[in-house]
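Notes follow the structure.
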Amino acid sequence: MHKGQLSKVREILLEMKDNGVSPNRNTYNILVHGYCKLRWLKEAAEVVELIKANDMVPDIWTYTTIMRGLCEEGKVKEAISLRDDMESLRVMPDEVTYNTLIDGCFQWRGSVEAFKLVEKMKGKRVKPNAVTHNIMVKWYCKEGKMDEAGYVVAKMVESGFLPDCFTYNTMINGYCKAGNLGEAFMMKDEMGRKGIKMDTFTVNTIVHKLCVEKLLKEAYELTVKAAKRGYILDEVTYGTLIMGYFKNDQTNKALKLWDEMKEKGIIPSVVTYNTIIGGLLHFLKTDQAVDKLNELLDKGLAPDEATCNIIIHGFCWEGAVENSFLFYNRMVENSFKSDVITCNILLRGLCKHGMFEKAFNLFNTWIIKCKPVDAVTYNTLISVLCKEGKLDEAFDLIIEMEKKKLERDRYTYTAIVGALTHAGRTEEANKFMSKLLESCPNMISEDTSQMLGSGDMDYSEQISNFCTQGKYKEAMKLFQESEQKGVSLNISAYFMLMDVLLKRRKSISKESLSD
DNA sequence: CCTCAAGTAG
């Protein structure tokens, strides 16, 4: 619902009142939903009061909707306390209510608290359902704990729930992010065998992975093929490709796709606007970026935290660090909730322009305010300390990082290795180098395809051949064999396999005709 | 009319 439409709804409600028609609870619930989507929580709460004032009791939908609204804003505590409110009104929380709270808990309070809620749910004799499991799978995937995610799926089956489209898409995405393409394709294959149709989510996930791997041609061709086979390309598909082309320095292609998307009548969301604004700012096309920002506002869309972060980043990128802080402060006044990404962007901006002291002050402020920091934050500071030759301080930060259970990655190691080498401490540099190699084997090279290219050529070639011949079964058999042997294939072999898995989808128009 | 899956930012 857009802002404009919501005021329409308001008018209609008033009209109803004037005509002596009193809105029922459903009418109010829809309004609550609309306000929550706009993140106008105060207004949403007012509607709840209105319900009560009209001698009605908010129902489970009213509560769940408003809880979700609260959770999305990070107000988990308030959301949870609403559960007591509803219980006192004898509106009993159901699995949907709990799922909403559990998801919010995972996001803002971490998995330990979330699992406590799952136990609480069970204690209240509300049984976890498929969605509960999917939520747990999602958060394990987000943490990169793919084994744990797999256990949840197994447990889900044990509990009598079959993995669904959500489960598979989540797992596929998780494996793609973890760099385990083999497992990702196994999941895709399993999905097909279990009779679950791939959908636009699945396609978009793969397109994203290909874009990240800088395989833009493959990504683009996949979307063309998918469209031909009846898949619907949506705003996310376009947004993903646009991001990919920008990252690949193909600005014109990105802009062309934006136009193509618009011509097709596909309406971009804030996220896609953010992508194009960020891309344009990155290539210093500030005027065009501003145009897009205005367009976003004209369409009645609300800029979000990412929009702000992207603009702050844009200022830093063009060297206007002061402006970035001016903008940041103004946005904070306007209820912008800065996050760890904001912090990292500002730190990087400061460091890049030599303002190290300010950077460390900002970092300390962040820590004092108990705002979360992450490995990127530390890497930013460690890198700058290493460049400055302040190795001792860099190592202090590494210890601090360890204390906070933040894992070192290739950024951490490359900074340290570089500094040690530069200081002539070759032996230590080698030691860290080997740590880099063992702890992040899939992060060594910028180009994963190169790494995958070192895989077994026989398997890769044969699988590719089978794929071109349409011998899907043979290809899969070889693929499984290679998996068992722990042999990795080159990226084109994975691509071929994936292509075969993208089976023809019934044309959507036919499907809707038969309805 | 309520819950879960994709894309933004180092």
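First the proteins, then the strands, lettered A, B, ... as listed; each starts at 1.
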Kindly indicate whether the side chain of D199(A), heavy atoms from C-beta on, has any atom under 4.5 Å from the side chain of C165(A).
-> yes
For the pair made of OH in Y35(A) and P in dC1(B), what is the distance, rounded to whole Å?
-> 21 Å
May I have the distance from Y28(A) (atom OH) to dC2(B) (atom C1'), rounded to whole angstrom?
-> 19 Å
Touch class at under 4.0 angstrom, heavy-atom based, for I341(A) against every strand present = base
To the nearest angstrom, how far is F336(A) atom CZ from dA9(B) atom C1'?
-> 10 Å
Taking OP1 and OP2 of dC4(B), is either one under 4.0 Å from a side-chain nitrogen or oxygen of R68(A)?
-> yes
Minimum-distance nucleotide to T200(A) side chain [options: dA5(B), dA6(B), dT3(B)] = dA6(B)
For dA5(B), take OP1 and OP2 only and decide whether either is under 4.0 Å from a side-chain N or O of K138(A).
-> yes
Give one of base, sugar-phosphate or nothing for E235(A), where a contact means two heavy atoms less than 4.0 Å apart.
-> base
Specify the separation, in whole Å, of atom CD1 of I172(A) and atom C1' of dA5(B).
-> 10 Å
Starting at atom NZ of K247(A), determine the distance to atom P of dT8(B), rounded to an integer number of angstrom.
-> 7 Å
Side chain of T100(A) only, please: which of dA5(B), dT3(B), dC1(B) is the nearest?
-> dT3(B)
Residues from residues 372-379 of chain A lying under 4.0 Å of DNA chain B - heavy atoms = V376(A), N379(A)
Sugar-phosphate, base or nothing in reach of T170(A), heavy atoms under 4.0 Å | sugar-phosphate
Touch check for N26(A), heavy atoms < 4.0 angstrom, all strands: base, sugar-phosphate only, or nothing?
-> base
Contact check, side chains of T223(A) and Y220(A), non-hydrogen atoms, under 4.5 Å | yes
Which of parallel (below 30°), tilted (30 to 60°) and perpendicular (above 60°) describes W139(A) and F106(A)?
-> parallel
Winner on side-chain proximity to V131(A), out of dT3(B), dA6(B), dC2(B), is dT3(B)
Looking across every strand, which nucleic acid part, if any, lies under 4.0 Å from S269(A) by heavy atom: base, sugar-phosphate, or nothing?
-> base
Nucleotide dA6(B), atom C1' - distance to NZ of K177(A) in whole Å | 8 Å
Per the under-4.0 Å heavy-atom filter, residues of residues 139-156 of chain A near DNA chain B come out as none
Touch check for D164(A), heavy atoms < 4.0 angstrom, all strands: base, sugar-phosphate only, or nothing?
-> nothing
Which is true for D103(A) with a 4.0 Å heavy-atom rule: it touches a base, it touches only sugar-phosphate, or it touches nothing?
-> sugar-phosphate
Nearest-neighbour nucleotide for the N274(A) side chain, dT8(B), dG10(B), dT3(B) considered = dT8(B)
side-chain hydrogen bond (donor to acceptor under 3.5 Å, both in side chains) involving E143(A) - partner list, sequence neighbours excluded = K145(A)
Side-chain contact check for I310(A): nearest option of dT3(B), dC1(B), dA9(B) is dA9(B)
Side chain of I345(A): nearest nucleotide among dA9(B), dC2(B), dC4(B)?
-> dA9(B)
Ignoring backbone atoms, test whether K188(A) places a side-chain nitrogen or oxygen under 4.0 Å from the OP1 or OP2 oxygen of dA5(B).
-> no
Applied to residues 57-69 of chain A, the salt bridge (Lys or Arg N to Asp or Glu O under 4.0 Å) test, sequence neighbours excluded, yields R25(A)-D59(A), R68(A)-E72(A)
Residue N309(A), side-chain atoms from C-beta onward, closest of dA9(B), dT8(B), dC2(B) = dA9(B)
Just jot down the ring pair (Phe, Tyr, Trp, His ring centres under 6.0 Å) partners of F325(A), sequence neighbours excluded, or say none.
-> none
Could you give the CG-to-C1' distance, from L210(A) to dA6(B), as a whole number of Å?
-> 14 Å
Aromatic ring centroids of F246(A) and H282(A) under 6.0 Å?
-> no
side-chain hydrogen bond (donor to acceptor under 3.5 Å, both in side chains) involving D164(A) - partner list, sequence neighbours excluded = N134(A), T167(A)
Under 4.0 Å between any heavy atoms, over every strand shown, what does T64(A) touch: base, sugar-phosphate, or nothing? Just pick one.
-> base
Aromatic ring proximity W258(A)/Y273(A), centre distance under 6.0 Å | yes
Can you check whether F166(A) stacks with the dC4(B) base, using ring centres under 5.5 Å and planes within 30°?
-> yes
Going by modelled atom types, is there a donor-acceptor pair between the base of dC2(B) and the side chain of T65(A) at under 3.5 Å?
-> no
Listed partners of R39(A) passing side-chain hydrogen bond (donor to acceptor under 3.5 Å, both in side chains), at least two apart | E73(A), E305(A)
Residue V96(A), side-chain heavy atoms: nucleotide from dC2(B), dC1(B), dC4(B) that is nearest = dC2(B)
Report the residues that fulfil ring pair (Phe, Tyr, Trp, His ring centres under 6.0 Å) with W366(A), sequence neighbours left out, ordered by chain and then residue number.
-> none
What's the closest nucleotide to the N134(A) side chain, out of dT3(B), dC1(B), dC4(B)?
-> dC4(B)
Using a cut-off of strictly less than 4.0 Å, decide whether H313(A) has a side-chain nitrogen or oxygen near OP1 or OP2 of dG10(B).
-> yes
Partners meeting side-chain hydrogen bond (donor to acceptor under 3.5 Å, both in side chains) with E148(A) (sequence neighbours left out) | none
d(CE, M92(A); P, dC2(B)) in whole Å | 23 Å
